[in-house]
Amino acid sequence: MERVYIHIPFCKSICSYCDFCKVLYYGSWVTQYLNKLALEIVDKYQGEVIKTLYIGGGTPSALDIKNLKYLMEIIKILNLSNDVEFTFECNINDINEEMLLILKENRVNRLSIGIESFDKKKLEFMEREADFKKTKEIINLCRKLGFKNINVDLIYGIPKETERVLKSDLDKILKLDVEHISTYSLIVEDHTKISKIIPIDEDLDARFYEIIVKKLTSKGFKHYEVSNFCKDGYESKHNLGYWNNEEYYGFGLGASGYIGNIRYTNTRNLSKYLKGEFNETEEILSKEDVMSNELMLGFRKLNGINLQEFYNKYQVNLQEVFKIDEALKNKDLIYKDGYLFINPKKIYVMNEILIHII
Ligand code: SF4
């Protein structure tokens, strides 16, 4: 096991569309939470060398300095490799020199910043804040303090969003000159403040996706996963672990992990977590389940699945387990240089293609 995800669920305000595992920031819960997080890590972690560590949320940057230092002490339980990729998620409004120095001292080398948009109406809809000038200044500060690997997130497909608005967001994000951009189409989830709204038309969503891919790739970004783009050599190693169906620990409220043939999910109930009742569900996966996951996750990558590696992992040829002949004939799938991948022109409809194959 080389990968660890740690969830910090606290947010200073709640975004209208959010279905993540989060709770409104309440100072006196944070230290209690971190105490339990430390216990969970000590209980489950077997001492392996960790190559990727991702602290996500919620909003990890919501922690005050005292608790941020405490979190960094807890991380020392883990045996991080010399070349670890250590990502820390931030809200742009939380970033300041003092917190960046603490992150730097503790080997954080990748920042993931949830910008989502710079458009006033989109931000109002999402109940978020972002200001281009301030963001640029903060990113300059991150650069000054030596952070060379920065991701920003963009959300699109907000009701009434136009192509002009999306293009303006893309232009501004490109001006930030970051190494990695993650894009997400708005999903209307139950139990969120926007659960009653009507999502944008599918054709428009597809058009938006096309605009994003065209714009970012024309500016030299590599489209390496359905929703993710990077400059050369800046793929997210941690997320590639998920898409390669590799094992990982998940620690913290609502976190999931995958160890051996077991996928587990922690409770999303903060009271239970604070009592030390961490695990909620455990699913034992059959070999068929694992191979199906390999396919569903692997085809998210634009370069798809290496057939020899699939054989080495499962001692069976992928084409003997899944019905791929028709998909190859229809050019839904392409085979090239040992890799099988979804036709890039059809990546937007990959879910339908996968249903046929699996
Ligand atoms: S900051 Fe992230 S986790 Fe927190 S409410 Fe907003 S979307 Fe959800």
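Read the numbers this way: they start at 1 and go in the same order the structure lists the ligands and their atoms. For the single chain, residues carry numbers from 1 onward in sequence order. This structure is a prediction, so every number in the text was calculated from the model and none was measured.
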Chemist: Please list all pairs passing the salt bridge (Lys or Arg N to Asp or Glu O under 4.0 Å) test where one or both residues lie in residues 345-358, with sequence neighbours left out.
Modeler: Asp332-Lys346

Chemist: Below 4.0 angstrom, N of the basic side chain to O of the carboxylate: do Lys69 and Glu73 qualify?
Modeler: no

Chemist: Can you measure from CG (Asp83) to CG (Leu80) and round to the nearest 0.5 angstrom?
Modeler: 10.5 Å

Chemist: Are Lys104 and Phe147 in a cation-pi contact, defined as NZ or CZ under 6.0 Å from the six-membered ring centre and within 45° of the axis?
Modeler: yes

Chemist: For Arg143, what residues pass the salt bridge (charged side-chain N to carboxylate O under 4.0 Å, His left out) criterion, not counting sequence neighbours?
Modeler: Glu179

Chemist: Can you list every side-chain hydrogen bond (donor to acceptor under 3.5 Å, both in side chains) pair that touches residues 186-198, not counting sequence neighbours?
Modeler: Glu127-Lys193

Chemist: Name the residues with a heavy atom less than 4.0 Å from ligand 1?
Modeler: Cys11, Ser13, Ile14, Cys15, Tyr17, Cys18, Phe20, Gly58, Thr59, Arg128

